[in-house]
Chemist: 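Right, I'll just put the structure down here and ask away after.
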Amino acid sequence: MLLDNHGRTINYLRLAVTDRCNLRCHYCMPEHGLQWLSRSALLSYEEMLRLCRVLIGLGINKIRITGGEPFVRKDLMKFLTELSRLEGLQQINLTTNGVVTAPLVPELKKTGIHSVNLSLDTLDRERFFQISRRDELPQVLDTLDALLRHNIPVKINAVVMDGQNTEDIIPLTRLTQNLPVGVRFIEEMPFNGGDHLNTRPLWDHRRILDTLSETWPDLEKIPDPPFSTSMNYRIPGHRGNVGIIAAWSRTFCGTCNRLRITPQGVLKTCLYDHGVLHLRDLMRSGLTDSELTDRLLYVLNHRHKNGWEAEEARRGIPVEESMATIGG
Ligand code: SAM
Ligand code: SF4
């Protein structure tokens with residue numbers, strides 16, 4: 001078992017395979033996109049597989065593939081197949097915006113993908129366009145349908161934004177009545193590629209919970225799975241459940257079990273740190289697996305206690321990178 005210097009288990013890696021995306025969600029990046037990484041700046045699939053193998057050897061048993069939009073990277077399915085063959089890896093999960101995912105769902109099922117988080121902030125086509133700057137809602141709903149038909153567990157992620165989609169909180173939650181999905185509302189974080197200043201969100205976890213409780217006074221708290229970032233609830237009679245992720249308020253740091261690797265191979269041991277190890281450069285400079293292991297163990301032994309401490313340690317470097325270059 002891999003433990004950090006605060007005694008927390010580390011068993012989960014979020015691997016962002018690209019920074020590119022086919023949407024332009026304004027909470028994530030500016031309208032013109034980002035300054036995309038060149039191909040040589042990205043980790044190659046071989047480098048990713050090597051890092052995954054080393055980290056599985058240390059105790060990682062669950063990997064989430066994310067981005068950017070993972071499905072815009074060429075040959076992702078081939079990479080997923082190779083990843084699924086790594087010994088010791090128990091779960092591969094995916095986070096996607098669902099724009100081009102629907103036709104690939106049968107193959108995802110065959111590859112043994114354990115679950116999918118689908119980003120869906122609204123069920124209204126016009127609002128979807130306003131938020132993502134692209135008219136792709138029907139394609140995303142096709143992905144939801146395909147995942148459910150193939151019995152792949154789905155969670156819907158919705159970032160809650162004042163004046164933009166708060167009227168969607170109730171309709172999105174209503175999906176749980178007949179569908180076996182988890183709908184999770186996320187506080188907006190400041191990772192929007194410097195597009196706009198992000199102060200304390202007007203819709204924090206308490207306000208979202210109050211809104212749910214007004215419509216469903218019988219909303220029941222249910223136990224949160226180990227290492228869960230969401231506070232979870234059920235509505236009696238509903239097939240699915242609903243969760244709230246206090247991402248801005250950072251209520252979950254005490255049990256954080258995750259590492260992140262960015263598309264250019266920077267290791268983050270906290271969402272709010274500025275990157276603690278440049279794995280791509282270390283690999284390209286010829287480090288052996290055992291030397292890489294030593295470097296990884298060192299940074300895990302010097303992990304920040306929580307997001308506030310990690311942010312403080314950035315010493316004046318503002319938190320303004322895009323979530324697409326971190327992986328969510
Ligand atoms: N493109 C994929 C997608 O949207 O699902 C995967 C990458 S995206 C960066 C991962 C998750 O981060 C999504 O669920 C998205 O809603 C969330 N996210 C992006 N920017 C955010 C922000 N500023 N605050 C909170 N969540 C954010
Ligand atoms: Fe793309 Fe996901 Fe960021 Fe939206 S949240 S712009 S879909 S990477």
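All ligand and atom numbering here is 1-based and tracks the order in the structure.
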Chemist: Side chain, backbone, both or neither: which applies to Asn117 and ligand 1 if a contact is any heavy-atom pair less than 4.0 Å apart?
Modeler: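 Neither; no heavy atom under 4.0 Å.
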Chemist: Classify the side-chain pair Asp124/Thr122 by whether it contains a donor and acceptor separated by less than 3.5 Å.
Modeler: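 No, no side-chain donor-acceptor pair sits under 3.5 Å.
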Chemist: Would you check whether Met323 reaches within less than 4.0 Å of ligand 2, judged by its heavy atoms?
Modeler: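 Per 4.0 Å heavy-atom rule, Met323 does not contact ligand 2.
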Chemist: Taking side chain as C-beta onward, heavy atoms only, is Leu2 less than 4.5 Å from Leu55?
Modeler: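 Contact flag for Leu2/Leu55 side chains = no.
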Chemist: Tell me, do Leu51 and Leu43 make a side-chain contact under 4.5 Å, heavy atoms counted?
Modeler: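 Yes, close enough: below the 4.5 Å cut-off.
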Chemist: Is the shortest distance from a heavy atom of Thr95 to ligand 1 less than 4.0 Å?
Modeler: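 The answer is yes: ligand 1 sits under 4.0 Å from a heavy atom of Thr95.
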Chemist: Considering only non-hydrogen protein atoms, determine which one is nearest to atom 8 (S) of ligand 1 and report residue, atom name and distance to 0.1 Å.
Modeler: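 Residue, atom and distance for the closest contact: Gly67 O, 4.3 Å.
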Chemist: If you define the side chain from C-beta out and look only at heavy atoms, does anything of Met323 sit under 4.5 Å from Leu271?
Modeler: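 Yes, at least one pair of side-chain atoms sits under 4.5 Å.
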Chemist: Does ligand 1 have a heavy atom under 4.0 Å from the side chain of Tyr27, from its backbone, from both, or from neither?
Modeler: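 Tyr27 to ligand 1: contacts from backbone and side chain alike.
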Chemist: Would you mind checking which non-hydrogen protein atom is closest to atom 25 (C) of ligand 1, with the distance to 0.1 Å?
Modeler: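 Minimum-distance protein heavy atom for atom 25 (C) of ligand 1 reads Met189 CE, 3.5 Å.
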Chemist: Where the closest heavy atom to atom 27 (C) of ligand 1 is concerned, which of Ile326, Thr101, Val159, Val17 has it?
Modeler: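 The residue whose heavy atom sits nearest atom 27 (C) of ligand 1 is Val159.
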Chemist: Compute whether any side-chain donor of one residue and acceptor of the other, for Asn117 and Asn93, lie under 3.5 angstrom apart.
Modeler: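 No - no donor-acceptor pair under 3.5 Å links their side chains.
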Chemist: Which option wins on minimum heavy-atom distance to atom 18 (N) of ligand 1: Glu69, Met323, Arg184?
Modeler: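 The nearest heavy atom belongs to Met323.
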Chemist: Just let me know how Thr66 lines up against ligand 1, side chain, backbone, both or neither, with a heavy-atom cut-off below 4.0 Å.
Modeler: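 Only the side chain of Thr66 comes within reach of ligand 1.
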Chemist: What do we get for Cys28 next to ligand 2 when only non-hydrogen atoms under 4.0 Å count, side chain, backbone, both or neither?
Modeler: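 Just the side chain.
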Chemist: State whether Phe79 and Arg73 meet the cation-pi test: NZ (Lys) or CZ (Arg) under 6.0 Å from the six-membered ring centroid, and within 45° of the perpendicular axis.
Modeler: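 Not flagged: Arg73 not positioned over aromatic ring of Phe79.
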Chemist: Can you tell me which residue and heavy atom of the protein come closest to atom 1 (N) of ligand 1, and the distance to 0.1 Å?
Modeler: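 Heavy-atom neighbour on the protein nearest atom 1 (N) of ligand 1: Gly68 O, 3.0 Å.
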Chemist: Which atoms from ligand 1 have a heavy atom of Asn157 less than 4.0 Å away?
Modeler: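 Counting atoms of ligand 1 from 1, those under 4.0 Å from Asn157 are 14 (O).
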Chemist: Between ligand 2 and Gly68, can you find any atom pair, the residue atom being a heavy atom, that is separated by under 4.0 Å?
Modeler: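 Yes, that is the case, since the closest heavy atom of the residue is under 4.0 Å from the ligand.
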